[in-house]
Amino acid sequence: MHFHILTLFPEMMMQGLSTSITGRAMDKGLIDIEATNIRDFTKEKHGHVDDYPYGGGAGMVMQAEPIYLAHQHVMEGIEARGSKPRVIYMTPQGRVFNQEIAEELAKEEDLIFLCGHYEGIDERVLDMIVTDNISIGDYVLTGGELPAMVVIDAVSRLVPGVLNNDVSAEFESFNDNLLEYPQYTRPEEFMGRKVPEVLLSGHHKNIEAWRLEKSIERTKERRPDLYEKYCKDHNK
Ligand code: ADE
């Protein structure tokens with residue numbers, strides 16, 4: 001099993017995963033973990049990978065290009081082996097991780113994890129590369145690194161030989177209810193994909209309305225359980 005991680009903190013990931021059972025599994029060649037630093041793929045001379053969000057709002061947004069290039073770089077090695085990996089974005093907006101998902105992922109040969117920071121990632125690159133959105137629960141961490149480590153740990157222990165006793169790897173007993181709207185930052189156009197016109201308008205009421213609409217749309221699609229609560233609260 002090959003794990004590939006796109007992150008701004010490769011040392012943190014490698015240090016965490018090189019210890020204990022996952023570390024031993026790496027030493028034995030049962031799994032390998034490669035962390036790629038997204039910052040190595042910025043073309044900015046000061047090494048920036050983030051910028052202000054279009055339409056305003058708090059915090060910074062990670063730019064599309066360094067992530068796109070880092071992903072391309074990782075894909076070159078994988079495609080040479082003929083594998084077509086899933087790209088997992090660690091986000092509180094994703095499918096809530098559980099043992100069933102761990103078992104499903106353990107069947108893959110390669111997995112790419114995308115770890116975000118700041119207020120989010122430019123939506124366009126997510127649209128282009130991500131196949132799965134996974135959350136580790138309904139709470140917000142400062143970045144996707146710890147969640148990716150949680151998933152990698154849970155999947156690794158299902159790889160034959162990683163645990164000493166074979167049987168224990170099997171299934172053990174074991175704000176208003178709306179998700180965030182999509183975010184965009186510079187450039188205005190990335191590989192033919194434009195930032196939604198309304199965010200460039202400076203018309204705050206329209207931006208707010210658009211964001212609410214997108215939040216509702218997205219919640220309905222990704223978390224129907226939360227959407228149901230939202231509807232009840234608003235008598236819909
Ligand atoms: N990034 C920040 N919080 C997260 C969570 N709960 N799950 C996955 N990724 C995250």
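Read the numbers this way: they start at 1 and go in the same order the structure lists the ligands and their atoms. If you're wondering where the values come from, they're calculated on a predicted model, not measured in any experiment.
Judged as a salt bridge (Lys or Arg N to Asp or Glu O under 4.0 Å), and not counting sequence neighbours, Glu188 has no contacts. The ring pair (Phe, Tyr, Trp, His ring centres under 6.0 Å) test applied to His117 returns Phe9, not counting sequence neighbours.
Sorted by first then second residue, the salt bridge (Lys or Arg N to Asp or Glu O under 4.0 Å) pairs that include residues 215-228, not counting sequence neighbours, are Glu123-Arg218, Asp138-Arg223, Lys214-Glu217, Arg223-Asp225.
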Can you pull every nitrogen or oxygen pair between ligand 1 and the protein closer than 3.5 angstrom?
residue, atom, partner, partner atom, Å
ligand 1, 3 (N), Leu141, N, 2.8
ligand 1, 6 (N), Gly137, O, 3.2
ligand 1, 6 (N), Tyr139, O, 2.7
ligand 1, 7 (N), Ile136, N, 3.0
ligand 1, 9 (N), Thr91, N, 3.2

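Of the charged side-chain nitrogens involved, at least one lies within less than 4.0 Å of a carboxylate oxygen, so that Asp110 and Arg81 count as a salt-bridged pair.
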| request: Just do the side-chain contact (heavy atoms from CB on, under 4.5 Å) check on Phe113 and Thr7 with the steps written out, would you? | output: CA-CA 8 Å; Phe113 291 87; Thr7 172; over 6 Å; no
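Interatomic distance, OG of Ser83 versus CD1 of Ile78, reported as 6.5 Å (0.5 Å rounding).
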